[in-house]
Each structure stands twice: as C-alpha cells, then as structure tokens.
There are 2 protein chains.
Amino acid sequence: MEKDEKLMKSLRAKFRDNNYKLTSQRQDILDVLLNNFGEHFSAEELYEKVRKINPDIGLATVYRTLELMCQLGITHQVDFDSTYKRYEISLEGQHHHHLICIDCGKIIEFNDRVLEGFERKLEDEYQFEIVEHRIKFYGLCNKCKLNR
Amino acid sequence: MEKDEKLMKSLRAKFRDNNYKLTSQRQDILDVLLNNFGEHFSAEELYEKVRKINPDIGLATVYRTLELMCQLGITHQVDFDSTYKRYEISLEGQHHHHLICIDCGKIIEFNDRVLEGFERKLEDEYQFEIVEHRIKFYGLCNKCKLNR
DNA sequence: ATCGATGCAAACCTTTTGCATGCAG
DNA sequence: CTGCATGCAAAAGGTTTGCATCGAT
C-alpha cells in the first residue's frame with residue numbers, strides 16, 4: 001500500500017494546488033478510484049461504488065467531480081461506442097491501449113512504443129503536433145474464438 | 001458519377017438481399033450518404049440534410065435507419081468523445097484513422113498499413129484475433145499551432 | 001392484401017444546471 | 001466567516017419506443 005499512499009498524496013495535491021477544496025466527497029471518490037485501479041467506469045458506476053462508502057453523496061457531485069478530475073488530469077475519458085461516457089484514471093507515462101472483444105466485450109490493455117516512429121511521420125506529413133493517441137483493436141478474445 | 005451509381009446499387013442491394021423494404025425514406029438517406037461521402041455525422045445532422053430532400057421524414061426514422069444500416073454494414077459508429085453518437089459510411093478495404101485537433105476539433109483522416117506487423121505481434125501475445133482497428137491521434141493542427 | 005416501415009409524441013437515460021444550504025479553508 | 005461545493009430536483013440533450021397509419025412488395 002506504500003505506492004498507493006504516495007499516489008493518493010499526489011492526487012490530493014492536485015486539488016489543493018489548484019485551489020479546489022478537498023471535501024469529504026472528493027476524498028471518497030479518490031478512495032474508490034484507487035481501490036479500483038485501472039478500471040474503466042461510467043459516472044453511474046462510480047456513483048454506486050462511492051455510495052457504499054458515503055450513502056449521502058449526490059449523483060451531480062460525482063458528475064461535477066469527474067469533470068474537475070479530467071480537467072486536473074487525474075482522470076480522462078475513454079470513448080468506447082456506448083451511450084454513456086466512460087472514464088479511467090490517468091497515469092503519466094502509462095499510455096495504454098485496448099483490445100476489445102466484439103463478442104463478449106472483454107477489454108485487454110496493452111502498452112507499446114512501436115508507434116513513435118509512425119507518429120513522427122504523421123506529424124511531418126500533416127503539419128500536426130501529436131499530443132496523445134488512443135488506439136483500439138477490435139476482434140475476438142481467446143475464449144470467444146473457441147466458442148465459434 | 002459512374003462509381004457512385006455502382007456503389008448506390010450495392011447499397012440498395014444490401015437492403016433488398018436482407019428482406020428490408022427499400023422505402024423512399026431509406027432511399028433519401030442513401031442519397032444524402034453518397035452526396036456527403038466520407039463525412040462523419042450525427043443522427044441530427046443526417047436528419048437535417050435529409051429534410052432538405054424530404055421535409056416530412058421523421059427523426060425516429062433516421063435513428064432506425066442508422067441502426068439498420070450499421071447492422072447491414074453500410075455505416076458504422078465512430079466514437080469521438082462526445083455526448084452523441086457519430087457515424088460514417090463503411091467502405092471495405094478503406095481503414096482510415098483520425099488526427100483530431102484538441103483546440104478547434106478539426107478532424108484529418110489518414111490511411112496507413114504500417115500497423116500490420118504490429119497487429120501480428122499483438123495477436124500472438126494476447127491470443128486475440130484482430131478484426132478491426134481504430135486509431136486516433138490527438139494534438140494541434142497547423143492553424144491552432146500558430147495561434148498559441 | 002399483408003406486414004413491415006413510418007411519423008408523432010411520449011418515455012427513457014445520461015448529463016447539466018439553478019438554487020438554497022453546508023462546510024473547508 | 002466567506003465563498004466554493006453539495007444535494008436535490010428540474011431541465012436539457014440525445015435516443016428509443018408504442019401505436020395508429022401508410023405503402024412496398
């Protein structure tokens with residue numbers, strides 16, 4: 001839990017350093033975030049999880065906190081093709097991408113650096129300065145391949 | 001317009017071959033699709049464009065037709081991080097990806113094959129059969145770079 | 001003539017907003 | 001204390017659905 005403590009400290013600092021109050025609701029949300037590290041979640045899902053810790057929290061607060069955390073770089077949106085928005089915790093230097101199973105919806109994450117040369121080429125060709133990339137591969141996971 | 005005729009014919013066949021009626025509304029939607037080839041559009045945007053041809057079409061019909069066309073492979077969803085869904089016409093062998101400007105929202109499309117080797121590697125590593133990929137690079141377009 | 005497709009309006013679901021109250025700094 | 005943050009409920013998108021009618025086959 002040492003690493004978690006350090007991370008929590010840095011996330012709290014992001015609120016404080018930007019003059020946002022560290023309310024108990026925001027702390028509760030950070031707790032849930034770290035206890036579910038690496039997951040993607042909707043506002044509703046986050047709300048349900050936070051309610052187990054603090055049953056009085058309002059859904060609007062969850063939405064407002066998500067927006068603020070995205071602004072502070074604590075979280076960011078991940079856009080899968082769904083009717084609602086999904087989010088995940090941001091971690092510097094942790095570009096990761098997704099393999100998404102079109103049968104069962106399973107999401108596998110992976111990291112890679114192979115794309116960097118490719119990015120240079122694109123930047124030249126289109127006079128575009130790349131800040132970030134999101135890559136998704138759709139297909140069949142091991143299990144679903146067998147069930148066909 | 002020769003190529004368009006051929007494409008239109010094949011799209012109409014997709015309805016017919018699957019026993020869906022080729023109503024005037026569906027035909028109007030196909031017309032708009034081909035006359036705005038390559039664009040991404042929301043249901044609302046498509047609705048507005050179709051209304052110029054057929055002012056009596058209902059928004060629900062546009063939604064229902066979009067769903068059907070996605071099912072038939074005529075269109076597919078593209079997921080940018082927005083509050084509403086966006087679609088584009090599908091074209092076999094035309095994998096293309098996006099450069100998205102984080103300042104002005106401009107979207108530049110590009111094609112590339114450099115990722116194929118990378119895909120093989122992922123398939124081995126994760127026992128995952130890749131069917132399709134979607135790649136987005138976020139950054140600053142030429143114009144917005146200058147305005148900073 | 002039949003049954004799927006349409007238009008309308010209502011329902012739904014997710015997200016945002018206004019306002020009075022609460023609480024961190 | 002002060003002003004930002006919260007909870008509630010209402011409003012605001014975007015999308016889906018029920019139902020009577022229309023029209024492609």
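Throughout, a chain's letter reflects where its sequence line sits, starting with A, and its residues are numbered from 1. Only a predicted model underlies this, so the values are computations on that prediction, with no experimental measurement involved.
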Legend entry - Option among K85(B), R86(B), K52(B) that satisfies the salt bridge (Lys or Arg N to Asp or Glu O under 4.0 Å) test with E45(B):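 Exactly one option meets the salt bridge (Lys or Arg N to Asp or Glu O under 4.0 Å) with E45(B), and it is R86(B).
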Legend entry - Heavy-atom pair with the smallest gap, counting every atom of T75(A) and S90(A):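 So the minimum-distance heavy-atom pair works out to C-OG, 3.3 Å.
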Legend entry - Shortest non-hydrogen contact from L68(A) toward F15(A):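 Here L68(A) and F15(A) meet closest at CD2-CE2, 3.6 Å.
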Legend entry - Sugar-phosphate or base contact per nucleotide [nucleotides 20-25 of chain D; S, B, -; heavy atom under 4.0 Å]: ---BBS
Whole angstrom is fine here: how far is it from [atom1] in [X] over to [atom2] in [N]?
{"X": "L66(A)", "N": "dT6(D)", "atom1": "CG", "atom2": "C1'", "answer": "15 Å"}
{"X": "L59(A)", "N": "dA11(D)", "atom1": "CG", "atom2": "P", "answer": "17 Å"}
{"X": "F15(A)", "N": "dT6(D)", "atom1": "CZ", "atom2": "C1'", "answer": "14 Å"}
{"X": "Q77(B)", "N": "dT15(D)", "atom1": "CD", "atom2": "C1'", "answer": "11 Å"}
{"X": "E44(A)", "N": "dT16(C)", "atom1": "CD", "atom2": "P", "answer": "13 Å"}
{"X": "E45(A)", "N": "dT14(C)", "atom1": "CD", "atom2": "P", "answer": "10 Å"}
{"X": "N54(A)", "N": "dT6(D)", "atom1": "CG", "atom2": "C1'", "answer": "11 Å"}
{"X": "M69(A)", "N": "dA5(D)", "atom1": "CE", "atom2": "P", "answer": "14 Å"}

Legend entry - Check: R64(B) side chain, dG7(C) base, donor-acceptor under 3.5 Å: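 Indeed there is one.
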Legend entry - Salt bridge present between E48(B) and R51(B) (N-O < 4.0 angstrom):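 Looking at R51(B) together with E48(B), the answer is yes, because their closest N to O distance falls below 4.0 Å.
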Inset, instruction - Report, as yes or no, whether the 6.0 Å neighbourhood of atom NZ on K143(A) holds more than 12 heavy atoms from other residues, nucleotides or ligands. - result: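 No.
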Legend entry - Any donor-acceptor pair under 3.5 Å from E88(A) side chain to G38(A) backbone: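 Not confirmed, E88(A) side chain does not pair with G38(A) backbone.
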Legend entry - Phosphate-side-chain proximity, Y63(A) and dT16(C), N/O vs OP1/OP2 below 4.0 Å: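 Looking at the OP1 and OP2 atoms of dT16(C), neither is under 4.0 Å from any side-chain N or O of Y63(A).
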Legend entry - side-chain N/O K85(A) vs dG14(D) OP1/OP2, d < 4.0 Å: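 Indeed not, no polar side-chain atom of K85(A) lies that close.
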Inset, instruction - Choose from dC19(C), dA9(C), dT6(C) the nucleotide whose nearest atom is closest to any side-chain atom of A60(B). - result: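 For the A60(B) side chain, the nearest candidate turns out to be dA9(C).
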Legend entry - Per Y84(B) side chain, nearest of listed nucleotides dT6(D), dT14(C), dG14(D):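 The answer is dG14(D).
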Legend entry - Closest-nucleotide ordering on DNA chain D, the 5'-leading residue of S42(B) and T65(A):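 In this pair, the answer is T65(A).
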Legend entry - Upstream residue (5' side of DNA chain D) when D56(A) and A43(B) are each assigned their closest nucleotide: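 Closest to the 5' end, via its nearest nucleotide, is D56(A).
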Legend entry - Spacing of I107(B) atom CD1 and K136(B) atom NZ [to the nearest 0.5 Å]: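 These two atoms lie 9.0 Å from each other.
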